[in-house]
Structures are given as C-alpha cells and as structure tokens.
2 protein chains.
Amino acid sequence: MAQTSLASNSATPKKHSFKQQQLLFREAAILDTVNQLLSQKGFDLMTMDEVAANVGIAKASLYKHFVSKEALAAASMARLLEHALDVMANLPEDDSSLDKLKAIVRWSVSTHLQGTMPLLPSTRSTIQSALQNHAPYMDCLGRLVEQLGAWIQQAQSSGELSADLPGEVMLYTIFARSCDPVADFLKQGGAFTDQEITEMIVRTTFQGMMG
Amino acid sequence: MAQTSLASNSATPKKHSFKQQQLLFREAAILDTVNQLLSQKGFDLMTMDEVAANVGIAKASLYKHFVSKEALAAASMARLLEHALDVMANLPEDDSSLDKLKAIVRWSVSTHLQGTMPLLPSTRSTIQSALQNHAPYMDCLGRLVEQLGAWIQQAQSSGELSADLPGEVMLYTIFARSCDPVADFLKQGGAFTDQEITEMIVRTTFQGMMG
DNA sequence: GTCTATACGAGGATAGAC
DNA sequence: GTCTATCCTCGTATAGAC
C-alpha cells in the first residue's frame, strides 16, 4: 500500500518519478481535505463518502491510497505533527523558552481557527487506539513531547513559568489549546478577529484571567 | 409524552402520585445512565442499545419516555444545568465573586472527573441544534449565563479579575473547563488524585501557568 | 488506480403482542 | 409501558469491470 508514502529510494532514482509525483500529489490533496473535515466534524462524524466527494474521486479510490478510515486519519494527524515540528524547528533561536511555548500555542489556535486542525486530543473518539498503532504518528508525537518538555523545564528553571506546577500539567494544557472550544465560541460570536482570539487564548493560557 | 416530566399540578393533587413517582424514578434512572454514557463517549458514540442495556430495559421502552436520542440527551443536559444552578444558589453568601467562579469551575471539573459530566460545550456534534430547540435547556442556560456574567462583572469591578479581558472570553473559558481534556489526560496518567487535578485546573484557569 | 455497484453491519426508530 | 422482532437508513469496505 502507498500508506507510508516514502519517496523513491536511492537504488532506483527517478525511475517512476512522474507517477510517484502524481501519487504523492493526489495523496496530499486527500489529506488536505481530511484535515478540513476532521477539523470541522471530528473523526466520528467524518464520512468516507464526504472525503471522496470533496476530493473529487470515487470512494473506492480512497481505499487504494489508505487501507481504512483510521489509517487515513492517522496519516492526516502524522502530517500535522510533522508540520508542528517544522514550525518549532524554525522559531527564532534567541526567543526564550517561554516565547517558544507561546509561539506554538499561537500556531495551534491559529490553525484551529483556520479550520485545518484535526482535533489532536479529544479523548472519547474511536481513533485513539488506531493512532497508538501508527508508528509515524507516535514517532512525531514523541519528538514533539520531548521538545516541548525541554522548553517547559527551561522556562521553569529560569522562572518564566511556575516551578511548583508539574510540567506534565503544562504540557497537556498547551496541547489542549489546539482543540479549545473557546476559540470556536468566540469565532461564532463574530465580535473578534482570528488574531484577537488567538492572542486572548495565548494570554489566558499563560497568565490566566487574573494577570 | 412524559418528556417535560412535570410533577402533578395542583388541580389534581396526588391523583396518580404513585404511578407518577414510579415514572419519575424510572426516568431519573435513565438520565443517570445517559449522564454517564455522555460523559464517557459523547453524544455521537452513545447508542440507544447501550443506554437501554445499562438501564436494564428494552430499547423500545426508552422511546416511550423520550421521543428521540436528541430529546434524551437534551433532557440529560437540562438536568445537569439545573444541578449547576442549584450548586451556584447554595454557595456561601460571603464568598467573593471570584471565589464563586472558582467554586463553579471546581464543581465542573470534579463532576467531569467523576464521569457524570455530559460534555457541555463541544462544538462539532449533532446535538447542538437539538439543544437550541429544547426550551428547558435553553432556559437554564440563560439563567446560568446571566449569573456567571454578573459574577464576572463584579470580579472585574473589584479588581479580582482583569478588567481589560472581555467578560465573554472569561465566560467561555469557565464553561470550557467542564470538557477539558487535560483532566482526562492527568487522570489517565494516574499520578494525581481527582482533587489534585481539580485544584491544578482551577489554578491554571485563573492564574495561568505563570502565577 | 479509477470507476459503478453492492455486500454487510450498526444503529435509530417502530410495530404489534401482552 | 414493557417486551420481542423488525424496518430502514447510513456508512465502511469490497468486487469486478475498464
């Protein structure tokens, strides 16, 4: 199956590069659609018919690219985490750890508001077990947790974040902002721009409602 | 239908009180089960078969009490909001507005952790429209929003909460704690008691991770 | 590897006896 | 108003032609 989507290996360079390019392009288009739908409706309410219709291909063709709905969602999530890692790797080096943590929350909420954040956390969904068996996803997640954990520790050491609040709690709190319904409610209210909403959530995440 | 579950009116006091008692008792049992299932799996993943099985009655009997799955969930939600209003009405009068707001968040998270909080917010679910057409729910919600809004304004006036953060944002932030996945993650981790988790979430909600 | 057509199961809701 | 048995729709997944 084309599920892992590896590029051509060095032994046979460019042998089928055009076909492969086309394949990857098609799969990227599928995953873009899946990202949107996962963001709008979540895994359980997203249907394969819908995905196929939005991409503009037949449902059966979808199953040639991804073996199941779970695999499709997992691929989408893995790509999102790769994107997150990329964002994190490209933050200004002279930013403090706290600044970097704020930046990743800003990116999460902003992505969520744009409708392309496939609901990372959310316990109570049937994908969770599928994700844990999806190596690419788990690999990215591990690296992401490691990096965020390091920044949290540094921010605690330097006094930018409270030293007496478990880092675990902070990690989950930051993660949870990616699926925070507050953003949806505020956007639905229509009184604020996406940027204003993002900044207010970043603020309440780090300073609460008293600071 | 017995959907509104009003007690016997004053014109015919106790005429069928025993039967009615039994009816209300049965319906309360159903709603207890629904609360648990909504808390564990959410609306979309909860099945009527499951509800019937857990209550110990046939599925068809369920439909004698509630006309649809949506009506069932709406009744469950309405009862929860009534409960919340009750908790709010019985807070110590000499508590400050901020204390009261903290108390309601504490109650929300605690209820969530106990597994009896039927996921209030959560956009992306099919119940939302049904809830908006359910008068008892909307009525309770209105009163709840009014009371919380008043407390927020008072806390802002007294300087307990930031005056430059829109009250709307605070309201939603408080609401969102009832379905915060952070609580689930921390509970799953097993490193903290429910009470510890609750207090940490109350803290981060109001003081953020820096305070 | 794309399509049309279809198998199959799950789940919401109902029929009709008691 | 409780039950058993059933209907019907929807959604995942597959068969098989091109």
Side-chain angles (χ1 to χ4, degrees), chain A residues 1-5 8 15-31 33-34 37-38 40-76 124-127 129-130, chain B residues 1-5 16-31 33-34 37-38 40-76 124-131:
Chain A
M1 299 304 146
Q3 196 176 332
T4 48
S5 300
S8 58
K15 186 163 187 184
H16 296 112
S17 64
F18 178 68
K19 284 246 169 195
Q20 285 184 357
Q21 288 282 343
Q22 218 175 17
L23 184 78
L24 290 177
F25 188 77
R26 172 61 55 94
E27 288 189 355
I30 294 173
L31 291 182
T33 297
V34 171
L37 289 175
L38 281 182
Q40 290 165 21
K41 337 184 51 168
F43 178 77
D44 300 306
L45 264 53
M46 178 186 79
T47 72
M48 295 298 266
D49 293 85
E50 219 171 7
V51 175
N54 282 28
V55 176
I57 62 175
K59 184 166 56 167
S61 303
L62 226 47
Y63 283 90
K64 298 286 181 181
H65 291 278
F66 302 91
V67 294
S68 68
K69 186 183 175 184
E70 280 75 17
L72 184 53
S76 168
R124 25 195 142 322
S125 178
T126 35
I127 358 165
S129 59
Chain B
M1 298 302 145
Q3 197 176 332
T4 49
S5 301
H16 296 112
S17 64
F18 178 68
K19 286 245 169 192
Q20 286 184 359
Q21 288 284 342
Q22 218 175 16
L23 184 80
L24 290 177
F25 187 77
R26 171 63 55 93
E27 287 189 356
I30 294 173
L31 291 181
T33 297
V34 172
L37 288 175
L38 282 182
Q40 289 165 19
K41 338 183 50 165
F43 178 76
D44 300 306
L45 264 54
M46 178 186 78
T47 72
M48 295 298 267
D49 292 86
E50 217 171 6
V51 175
N54 283 28
V55 176
I57 62 176
K59 183 165 60 165
S61 304
L62 225 48
Y63 282 91
K64 297 288 179 178
H65 290 279
F66 302 93
V67 294
S68 69
K69 185 183 176 185
E70 280 75 17
L72 184 54
S76 167
R124 28 195 140 321
S125 177
T126 36
I127 359 164
Q128 292 303 326
S129 58
L131 286 179

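Letters A, B, ... are given to chains in the order of the sequence lines, protein chains preceding strands, and every chain is numbered from 1.
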* Give the rounded distance in Å between these two atoms: CG of B:L62 and C1' of C:dA13. => 11 Å

* Check: C:dG11 base within 3.5 Å donor-acceptor of B:K69 side chain -> no

* **Spacing between A:H65 atom NE2 and C:dG1 atom C1', to the nearest angstrom** => 7 Å

* Structure fact -> Whole-Å distance, A:D49 CG to D:dT12 P, equals 6 Å

* **Side chain of A:S68 (C-beta onward), nearest among D:dT12, D:dC3, D:dA13** => D:dA13

* Spacing of B:K64 atom NZ relative to C:dA13 atom P, expressed in whole Å -> 15 Å

* **Whole angstrom value for the distance that separates P of D:dG11 from CG of A:N54** => 14 Å

* Structure fact -> Looking only at D:dT2, D:dC3, C:dG1, the nucleotide nearest the B:I57 side chain is D:dC3

* Whole angstrom value for the distance that separates C1' of C:dT4 from OH of A:Y63 -> 16 Å

* **B:R26 side chain reached by B:I57 side chain, heavy atoms, under 4.5 Å** => yes

* Asked: Is there side-chain contact between B:I30 and B:L72, with at least one heavy-atom pair below 4.5 Å?
  -> yes

* Whole Å only: how far is the CZ atom of B:F66 from the C1' atom of C:dT14? -> 18 Å

* Do A:L37 and A:L45 come close enough that some side-chain heavy atom pair is under 4.5 Å? -> no

* **For atom NZ of A:K59 and atom C1' of D:dT12, their distance in whole Å** => 6 Å

* Asked: Does a side-chain N or O from A:T47 land closer than 4.0 Å to OP1 or OP2 of D:dG11, or not?
  -> no

* Structure fact -> Result for 5'-nearest mapping on DNA chain D, choosing between A:A60 and A:L45, is A:L45

* Do B:M46 and B:Q40 have side-chain heavy atoms sitting under 4.5 Å apart? -> no

* To do: Considering non-hydrogen atoms only, spot the tightest contact between A:L62 and A:M48 and give its length.
  => CD2-O, 3.7 Å

* Asked: Of the candidate nucleotides C:dA13, D:dT4, D:dT2, which contains the atom at the shortest distance from the side chain of B:E70?
  -> C:dA13

